[in-house]
Amino acid sequence: MPHHALEITLTRPLAPAELRHAARVMPPAANHDTTRLMALVPAKTPGRAAHRLRRLLDTQLPIDVITTHYSDERGLVLLIVALPPVTRTALKAAADRAGQSPERFVQLALHRALAQHASDETDRLDQEVKHLLTHTAAAHLLSAVGRALTQTPGVPQP
């Protein structure tokens, strides 16, 4: 059976005793402040692995989100979020009004939000570049951007 790498985002840092207790069920690797954990979970699919992990650890850990650590062949990651009943009901109602499943409704909403964010970021960068170009020559700006993109952090450049 394949193993799937899953990342768990917690709502708060874990106490050492909580981490030890969880390790008895499914040994996780914790980041430096124990707000994120990694686990390898055996299952036929990533979705089953995520649901198994939530079932095993949900009562022991303050789990916020579970995601697959590696994207699938389409470049997508699985995102499992536990929603409060009121939120789940509102989401289902909105999905029903849109004639979609709740999963599809959330997927499309996330795609729209990410596309809007990318568009906003592009617009912001365009404005900043225009502002920079009012004070410097294009060749100097291009040279500075090239240097910034090729510098290795922490390594002095000649």
Side-chain angles (χ1 to χ4, degrees), residues 2-15 18-19 28-41 43 45-51 53-54 57-58 61-158:
H3 284 69
H4 302 276
L6 300 176
E7 183 169 346
I8 305 165
T9 304
L10 302 169
T11 59
R12 62 172 173 74
L14 292 180
E18 290 175 302
L19 186 57
N31 70 334
H32 70 286
D33 64 357
T34 66
T35 57
R36 290 191 350 244
L37 307 173
M38 290 291 298
L40 286 174
V41 182
T45 67
R48 286 183 179 181
H51 287 289
L53 183 64
R54 184 170 288 282
L57 296 178
D58 205 29
L61 299 176
I63 296 175
D64 190 18
V65 178
I66 298 174
T67 61
T68 50
H69 187 65
Y70 299 105
S71 56
D72 64 13
E73 61 278 351
R74 296 175 297 160
L76 302 175
V77 295
L78 180 65
L79 176 70
I80 305 285
V81 180
L83 300 173
V86 170
T87 305
R88 199 172 323 129
T89 301
L91 177 62
K92 183 166 178 0
D96 288 345
R97 284 191 302 275
Q100 299 166 342
S101 69
E103 293 81 9
R104 182 70 177 152
F105 183 80
V106 169
Q107 182 183 34
L108 292 174
L110 282 171
H111 281 283
R112 281 192 304 273
L114 290 171
Q116 183 62 52
H117 174 74
S119 176
D120 292 349
E121 183 69 1
T122 299
D123 291 345
R124 183 187 67 78
L125 289 172
D126 285 347
Q127 291 301 316
E128 289 191 26
V129 167
K130 286 176 185 174
H131 176 74
L132 288 169
L133 286 171
T134 61
H135 302 289
T136 191
H140 292 148
L141 179 58
L142 187 57
S143 176
V145 169
R147 277 192 311 277
L149 291 174
T150 58
Q151 287 181 345
T152 304
V155 176
Q157 298 293 315

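Since this is a predicted model, take the numbers as computed values, not measurements. We number each residue from 1, following the sequence as shown. Scope of the values below: all heavy atoms of this structure, side chains included, with no hydrogens, waters or symmetry mates.
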Could you measure the distance from the [atom1] atom of [X] to the [atom2] atom of [Y]? Nearest 0.5 Å is fine.
X	Y	atom1	atom2	value
I80	L6	CD1	CG	9.0 Å
I8	N31	CD1	CG	11.0 Å
T34	L19	OG1	CG	7.0 Å
L83	L91	CG	CG	6.5 Å

Quick one: ring pair (Phe, Tyr, Trp, His ring centres under 6.0 Å) partners of H131, sequence neighbours excluded?
H135
Locate the shortest heavy-atom distance separating [X] from [Y]; write the atom from each residue and the value.
X	Y	answer
R54	I66	CB-CD1, 3.8 Å
P13	T35	CG-CG2, 3.8 Å
L14	P62	CD2-CD, 3.5 Å

Main-chain N/O of L78 paired to T68 side chain as donor or acceptor, under 3.5 Å:
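Yes, because the side chain of T68 sits within donor-acceptor range (under 3.5 Å) of the backbone of L78.
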Donor-acceptor pair, side chain of T122 and main chain of A118, under 3.5 angstrom:
yes
Can you pull the salt bridge (Lys or Arg N to Asp or Glu O under 4.0 Å) pairs that have at least one residue in residues 115-127, sequence neighbours excluded?
E121-R124, R124-E128
Salt bridge (Lys or Arg N to Asp or Glu O under 4.0 Å): which pairs involve residues 28-40, sequence neighbours left out?
E7-R36
So which pairs with a foot in residues 88-98 pass side chain to side chain donor-acceptor pair (under 3.5 Å), sequence neighbours left out?
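For residues 88-98, and leaving out neighbouring residues, the side chain to side chain donor-acceptor pair (under 3.5 Å) pairs sorted by first residue read K92-D96.
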Under the salt bridge (Lys or Arg N to Asp or Glu O under 4.0 Å) test, residues paired with D72 that sit two or more places apart
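Scan of D72 (salt bridge (Lys or Arg N to Asp or Glu O under 4.0 Å), adjacent residues dropped) gives R74.
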Going by the rule salt bridge (Lys or Arg N to Asp or Glu O under 4.0 Å), which residues pair with R48 if we only count those two or more places apart in sequence or in a different chain?
none
Donor-acceptor pairs under 3.5 Å, side chain of residues 100-112 to any protein atom, not counting sequence neighbours: which ones?
residue: S101; atom: OG; partner: R104; partner atom: N; Å: 3.1
residue: R104; atom: NH1; partner: Q107; partner atom: OE1; Å: 2.7

Donor-acceptor list for residues 136-143 side chains, cut-off 3.5 Å, not counting sequence neighbours:
residue: S143; atom: OG; partner: R147; partner atom: NH1; Å: 2.9

I'd like to check the side chain to side chain contact (heavy atoms under 4.5 Å, CB included) partners of P2; sequence neighbours left out, ordered by chain and number.
H4
Any side-chain heavy atom of L37 within less than 4.5 Å of one from L61?
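Counting from C-beta outward, L37 and L61 do come under 4.5 Å.
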